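Atoms within a ligand are numbered from 1 in the order they appear, just like the ligands themselves. Treat the numbers as computed from the prediction; the structure is a model and nothing was measured. We're numbering straight along the sequence, starting at 1.
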Amino acid sequence: MPETQKPVDVDSLKALVRTVPDFPKPGILFYDITTLLKDKTGFAQLIDAMAAHYLSQKIDLVLGIEARGFIFGPALAYRLNAGFVPVRKPRKLPAPVARVTYDLEYGTDTLEIHLDAIQSGQKVVLVDDLLATGGTMEATVKLVKQLGGEIAGLGFAVELDFLKGRDRFPGYDVFSLLHYDE
Ligand SMILES: O=P(O)(O)OC[C@H]1O[C@H](OP(=O)(O)OP(=O)(O)O)[C@H](O)[C@@H]1O
Ligand SMILES: Nc1ncnc2[nH]cnc12
């Protein structure tokens, strides 16, 4: 059996995530996934475990949120035999866009999506590296609904449970592999 098909050891994957205090602002404990990404086995296990959650459905598109959602989204799309849609920071997408502004754990931001990125009724999984307050994903959900996409799930590598971001998404399938209590 290939390494990546063994049952995933969540604690060993959590051990690959580095925490950095006071980044990008005093008082924020930053969960740094770069240390997991550079571990070839850990990265593959993480993608396979996320993909396993959606494999029973026919997913048309995986959507990734700039920037760190661009790391996990395309890998997941490849595993699900789906297309990939980027949701980008302002003024990066060349064709007509829908736009939304939202609050972050440490500031505000704006996201954009191409108006023709999703066809009405397509099944879409929305992916980001980390769920904190949920503001970023909530904004992205609004964009996808505006375009008529059917949201099959919201997927994250990491969830900061104590920020209760998932409470913003009643009725949605919210899946995160690595959970942190503080
Ligand atoms: O749940 P929330 O409170 O909205 O926070 C989570 C978001 O914050 C981070 O992105 P950030 O805006 O720092 O951008 P980056 O991916 O470009 O680093 C992270 O990658 C998520 O997108
Ligand atoms: N504490 C945190 N660590 C890493 N990414 C984040 N995005 C929002 N909050 C974060």
Side-chain angles (χ1 to χ4, degrees), residues 10-11 13-39 42-43 46-47 49-50 53 61-77 84-93 97-114 117-118 124-147 149 151-182:
V10 167
D11 287 336
L13 290 183
K14 284 179 72 173
L16 293 171
V17 176
R18 166 168 62 191
T19 50
V20 181
D22 300 320
F23 183 89
K25 283 185 175 177
I28 300 288
L29 181 63
F30 191 87
Y31 290 80
D32 177 18
I33 49 141
T34 65
T35 39
L36 185 155
L37 296 173
K38 70 177 177 174
D39 186 294
F43 185 42
L46 182 109
I47 294 298
M50 288 182 76
H53 187 75
L61 296 168
V62 174
L63 175 153
I65 306 169
E66 185 173 1
R68 284 174 264 155
F70 289 4
I71 298 168
F72 298 100
L76 194 58
F84 176 73
V85 170
V87 163
R88 296 213 63 181
K89 302 282 165 74
R91 295 174 300 282
K92 299 288 185 185
L93 291 170
V97 295
R99 177 179 301 123
V100 66
T101 296
Y102 62 99
D103 292 325
L104 269 181
E105 192 186 0
Y106 37 72
T108 69
D109 220 333
T110 297
L111 289 172
E112 295 181 346
I113 189 170
H114 273 145
I118 301 170
V124 189
V125 173
L126 282 50
V127 173
D128 207 350
D129 67 318
L130 180 141
L131 175 60
T133 67
T136 306
M137 188 55 87
E138 188 176 47
T140 306
V141 165
K142 284 183 188 154
L143 288 176
V144 173
K145 283 166 87 170
Q146 214 174 310
L147 268 57
I151 298 175
L154 312 176
F156 305 88
V158 173
E159 179 170 347
L160 306 186
D161 293 349
F162 56 97
L163 292 175
K164 304 196 184 309
R166 68 168 50 230
D167 291 355
R168 294 191 194 225
F169 308 108
Y172 285 93
D173 173 52
V174 181
F175 175 75
S176 311
L177 197 61
L178 312 178
H179 292 263
Y180 291 86
D181 292 329
E182 59 180 336

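At least one N or O atom of A67 sits closer than 3.5 Å to an N or O atom of ligand 1. Distances between N or O atoms of Y102 and those of ligand 1 include no value under 3.5 Å. Residue-to-ligand polar distances place R68 within reach of ligand 1: an N/O pair is separated by less than 3.5 Å. Residue I65 places no N or O, backbone or side chain, under 3.5 Å from any N or O of ligand 1.
Listed here is the closest heavy atom pair of G64 and F84: N-CE1, 3.4 Å. Here the closest heavy-atom approach between residue D109 and residue P90 is recorded as OD1-CD, 4.5 Å. Summarising the geometry of E112 relative to L93, their closest heavy-atom pair is O-CD1, 3.5 Å, with the distance given to 0.1 Å. Taking both residues in full, the closest heavy atoms of T35 and R18 are given as OG1-N, 3.1 Å, listed atom of the first, atom of the second, then distance. The two residues L130 and F156 make their nearest non-hydrogen contact at C-CD2, 3.6 Å. Of all the heavy atoms in A98 and Q146, the pair that sits closest is CB-NE2, 3.6 Å.
Against a heavy-atom cut-off of under 4.0 Å, L130 is close to the following atoms of ligand 1: 6 (C), 21 (C). Residue A132 approaches ligand 2 through these ligand atoms, each under 4.0 Å from one of its heavy atoms: 8 (C), 9 (N). For ligand 2, the atoms closer than 4.0 angstrom to any heavy atom of L29 are 1 (N), 2 (C), 3 (N). For ligand 2, the atoms lying closer than 4.0 Å to a non-hydrogen atom of R68 are 4 (C), 5 (N). Every atom of ligand 1 with a heavy atom of D128 under 4.0 Å away is listed here by number and element: 20 (O), 21 (C), 22 (O). Counting the atoms of ligand 2 from 1 in the order shown, those under 4.0 Å from a heavy atom of L160 are 1 (N).
When heavy-atom distances to ligand 1 are checked against a 4.0 Å cut-off, D129 comes that close only through its side chain, counted from C-beta outward. Neither the backbone nor the side chain of M137 comes within contact range of ligand 1; no heavy atom lies under 4.0 Å. Here D32 has no heavy atoms under 4.0 Å from ligand 2, in either its backbone or its side chain.
Classification of the F23-F30 ring pair by plane angle, with boundaries at 30° and 60°, yields perpendicular.
Side chain of D129 to main chain of G69: no donor-acceptor pair is present (N/O by atom type, distance under 3.5 Å, no hydrogens or angles).
Under the side chain to side chain donor-acceptor pair (under 3.5 Å) criterion, E159 pairs with R166, S176, not counting sequence neighbours.
Under a 4.0 Å heavy-atom criterion, K89 is in contact with ligand 1. Distances from ligand 1 to the non-hydrogen atoms of G165 include no value under 4.0 Å. Contact annotation: L163 has no heavy atom less than 4.0 Å from any atom of ligand 2.
In this structure, L61 and I118 have side chains that are in contact, with non-hydrogen atoms separated by less than 4.5 Å.
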